[in-house]
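Working notes, beginning with the structure itself.
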Amino acid sequence: MESATEGISKLGINGDFASSVPNLHKNLSLLSPDQIELAKMLVEMGQSHLFSHWPESGVDDGEKKAFFDQVARLNSSYPGGLASYIKTARGLLADSKTGKNPFDGFTPSVPTGENLSYGDETFMKFEEAGVKEAQNAAFVLVAGGLGERLGYNGIKVALPRETTTGACFLQHYIENVLALQEASCKVTGGQSKRDIPFAIMTSDDTHARTMQLLESNSYFGMKPAQIKLLKQEKVACLEDNDARLALDPQNKFRIQTKPHGHGDVHALLYSSGVLEEWQRVGVRWVLFFQDTNGLLFKAIPASLGVSATKGYHVNSLSVPRKAKEAIGGIAKLTHTDGRSMVINVEYNQLDPLLRATGNPDGDVNCETGYSPFPGNINQLIMELGPYLEELKKTGGAIKEFVNPKYKDASKTAFKSSTRLECMMQDYPKTLPSSARVGFTVMDAWVAYAPVKNNPEDAAKVPKGNPYHSATSGEMAVYRANSLILRKAGVQVEDPVKQEFNGQEVEVWPRVVWKPKWGLTYADVKKKVAGSSSISLKSTLALKGRNIFIENISLDGALVVESHDEAEVKVGGSVKNKGWAIEKVDYKDTSVPEELRIRGFRFQQAEQLEKQYTEPGKFELKA
Ligand SMILES: O=c1ccn([C@@H]2O[C@H](COP(=O)(O)OP(=O)(O)O[C@H]3OC[C@@H](O)[C@H](O)[C@H]3O)[C@@H](O)[C@H]2O)c(=O)[nH]1
Ligand SMILES: [Mg+2]
């Protein structure tokens, strides 16, 4: 039998690099030339320990090959490959060990942005501009996260946004994109018939279930070709300050991996060719958003209008932020050398940064009752041209960070393996100062209501700060819709405060509508006329494009569904028992998880329900 060394020299490869790694050396003949190149890289990068337990050739050979398959994947999915990952990790781990502040030399100050006030003239002007521009937009949903803080067993985009209609987040997002597409096509006289592209970033944790959710619901009305799923890969874990890769505790022939963060979206959009394809078909704006924000699309048309009007290369949407709220702060950072940038400072970094720069109280509210720094909601709008130019230079690599949990003050050992992470909102960090980076501030009631915290943690949120729970996320939808109807002239009864799962929230009448009913404030105004009123115990669900509310007095539940070509006028006095709110305890496992994490469910006692399935003009006069 030929020796391993003879075997590989027949392949024309020099196995010398492995002479100090006997267990690898003995197995070289198993490997393909590409795998040998990877082995060489690993040895050169100080990763020989990965092979120390490898048995003789002939034992576990399948596992050894599978190990290299994984290494190849890790290598190709990271800009610059694994060697570059390890090099970056060493630098960041060294900085972390010496306690180097990532913002060293920078002083934060409060930046100025575009402040929008829902429903006023300026807002409506931006909304109109945004709807017009939407035909040139593409949307990107980052949905690769596990949602560990929420602890829900399914994927987060499958959760109902509200339980009056039960429509899930993904359905709501898709219907909004479709409504925008249609509205944009209409205002531009139908010249552009382009379907708005919609990309979703998934991960191994969410991919299959996202696909299944789409397929089992006919893509919620979108054309399958309009949706593109891009799966992010995890990155290698690190076991010490030398960035030695960690082996998977379950399988010694695998490297342990963990998520790299939502910053992967840029590299994926770039390397998949999606951005170039979008540019070819004339896309001009790329809008990024996160998995559970049931209000977001109320803010989209106006913020896109701001981007288009102001010519922003990057526009981040933000809301007033409560000190210590788990949302990043948008800050202007000015360096001692004169450079400055407007960037998100993540919630865990804002307090230390402020303390280090002459603000001994750190992250606190100012006289307005809010943090002076607007809160980042991670809704970013990029202008595609400059975005793609930048990615051609960087390959989509985003400035990373590392957050090891050390065993003790010597900072030599970790409690568990760590890894590099990156965030999508750090994209502007590599931009030249000439780049037009701006932000838009909107009220939280209209733009931000994420579902991130489980009931137990939400109940512990400091009083006055938002819960970011399934309870608050749903109640925020009713509140926003009620407030918008009020603005449009409907008398909506005042809310009451009620506690669910240990969280006190405002309960408003349960008003919901399909995106095509009220995409913009102008749409809502057009569809509401006369003098109408809605009592607190009411439920109103509008599921049709042309439903006109005129002189209605609603005290109970009303559900109207209509064909796209039907015009339905709704008025009169609707009075019935309606849908009562029943408390549910989150620990009560006899109730489905989607409901008990909210702390309530509806008892449908009585309602008026009407469906108009044909085109034509109709009147519902109760
Ligand atoms: O690896 C990942 C991690 C996360 N994600 C997605 O990214 C989104 C946000 O993830 P997280 O919930 O972990 O985000 P966080 O709450 O920690 O902070 C994020 O939202 C609030 C903002 O103020 C913060 O600045 C932003 O980082 C989710 O849609 C999630 O699915 C990925 O797609 N991949
Ligand atoms: Mg996070």
Side-chain angles (χ1 to χ4, degrees), residues 77-78 139-152 154-159 169-170 173 199-207 209-210 213 229-235 237 257-269 287-296 316-331 342-350 363 371 373-380 398-401 403 419-429 439 441 444 447-454 457-458 461 465-470 473:
S77 60
Y78 186 83
F139 284 84
V140 181
L141 167 62
V142 292
L146 253 181
E148 277 171 323
R149 275 183 284 158
L150 181 65
Y152 172 58
I155 51 170
K156 289 176 79 180
V157 293
L159 274 174
F169 281 103
L170 189 54
Y173 296 148
I200 307 176
M201 181 169 79
T202 57
S203 68
D204 278 320
D205 296 325
T206 62
H207 188 83
R209 286 178 289 177
T210 306
L213 180 65
L229 263 57
L230 298 168
K231 185 162 77 77
Q232 67 178 138
E233 294 295 336
K234 292 183 179 170
V235 288
C237 291
T257 60
K258 286 186 180 169
H260 189 223
H262 38 68
D264 279 348
V265 72
H266 304 295
L268 266 176
L269 284 171
L287 293 91
F288 295 84
F289 65 109
Q290 303 195 145
D291 51 16
T292 56
N293 180 3
L295 296 180
L296 179 72
S316 336
L317 197 52
S318 58
V319 298
R321 173 179 183 278
K322 285 281 184 185
K324 312 211 164 52
E325 187 178 344
I327 68 178
I330 308 257
V342 174
I343 194 86
N344 172 70
V345 178
E346 198 61 342
Y347 45 91
N348 57 339
Q349 292 179 323
L350 189 59
D363 180 14
S371 156
F373 299 94
N376 168 47
I377 66 170
N378 251 7
Q379 153 65 54
L380 309 171
I398 297 300
K399 267 213 178 318
E400 294 160 300
F401 60 94
N403 191 12
R419 83 292 196 180
L420 301 189
E421 295 176 76
C422 63
M423 301 189 292
M424 68 169 166
Q425 66 271 34
D426 278 344
Y427 163 78
K429 283 191 174 166
F439 67 97
V441 190
Y448 195 52
V451 177
K452 291 180 191 257
N453 289 325
N454 62 55
D457 291 342
V461 162
N465 277 25
Y467 298 115
H468 296 172
S469 68

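In each ligand, atom 1 is the first atom listed, and ligand 1 is the first ligand listed. Note that this is a predicted model, so its numbers are computed, not measured.
The number of heavy atoms from other shown groups lying within 6.0 Å of NZ (K399) does not exceed 12.
When heavy-atom distances to ligand 1 are checked against a 4.0 Å cut-off, N378 comes that close only through its side chain, counted from C-beta outward. At a heavy-atom cutoff of 4.0 Å, ligand 1 is contacted by no atom of M424, backbone or side chain. Neither the backbone nor the side chain of D264 has any atom closer than 4.0 Å to an atom of ligand 1 (non-hydrogen atoms only).
Taking every heavy atom of both residues into account, P466 and E325 meet most closely at CG-OE2, 3.2 Å. For the residue pair M424 and N378, the shortest heavy atom distance occurs at CE-O, 3.5 Å.
Near Y448, meaning under 4.0 Å from one of its heavy atoms, ligand 1 places the atoms 21 (C). Each of the atoms 31 (O), 33 (O) of ligand 1 lies under 4.0 Å from some heavy atom of A143. Close approach to Q232 involves these atoms of ligand 1, each under 4.0 Å from a residue heavy atom: 1 (O), 2 (C), 32 (C), 33 (O), 34 (N). Annotation for ligand 1: atoms under 4.0 Å from non-hydrogen atoms of G144 are 31 (O), 32 (C), 33 (O), 34 (N). Every atom of ligand 1 with a heavy atom of D291 under 4.0 Å away is listed here by number and element: 28 (C), 29 (O), 30 (C), 31 (O).
At distances below 3.5 Å, at least one donor-acceptor pair connects side-chain atoms of K324 with backbone N or O atoms of D363. The main-chain N or O of P259 is found under 3.5 Å from a side-chain atom of R419 such that the two form a donor-acceptor pair.
Comment: D205 engages K234 in a salt bridge, judged by a side-chain N to carboxylate O separation of less than 4.0 angstrom. Look at D457 and R149 and you find no salt bridge, because none of the NZ, NE, NH1 or NH2 atoms lies under 4.0 Å from a carboxylate O.
When the options Q290, H260, K234, E346 are ranked by their closest heavy atom to atom 27 (O) of ligand 1, first place goes to E346.
Between I377 and ligand 1, no pair of N/O atoms sits closer than 3.5 Å. Polar contact with ligand 1: present for V142 (N/O pair, distance under 3.5 Å). Not a single N or O atom of I327, backbone or side chain, sits closer than 3.5 Å to an N or O atom of ligand 1. Residue contacts with ligand 1: P259 is placed with no nitrogen or oxygen under 3.5 Å of a nitrogen or oxygen of the ligand (distance criterion only).
A heavy-atom separation below 4.0 Å is not found between S203 and ligand 1. Heavy-atom separations between R149 and ligand 1 include at least one value shorter than 4.0 Å. Y347 counts as a contact of ligand 1, since one of its heavy atoms falls under 4.0 Å from the ligand.
Using cut-offs of 30° and 60° on the angle between ring planes, the pair F139 and F289 is perpendicular.
Among the candidates E421, H260, E400, the single residue satisfying the side chain to side chain contact (heavy atoms under 4.5 Å, CB included) test with V235 is H260.
For H262 and F288, the distance between ring centers is not under 6.0 angstrom.
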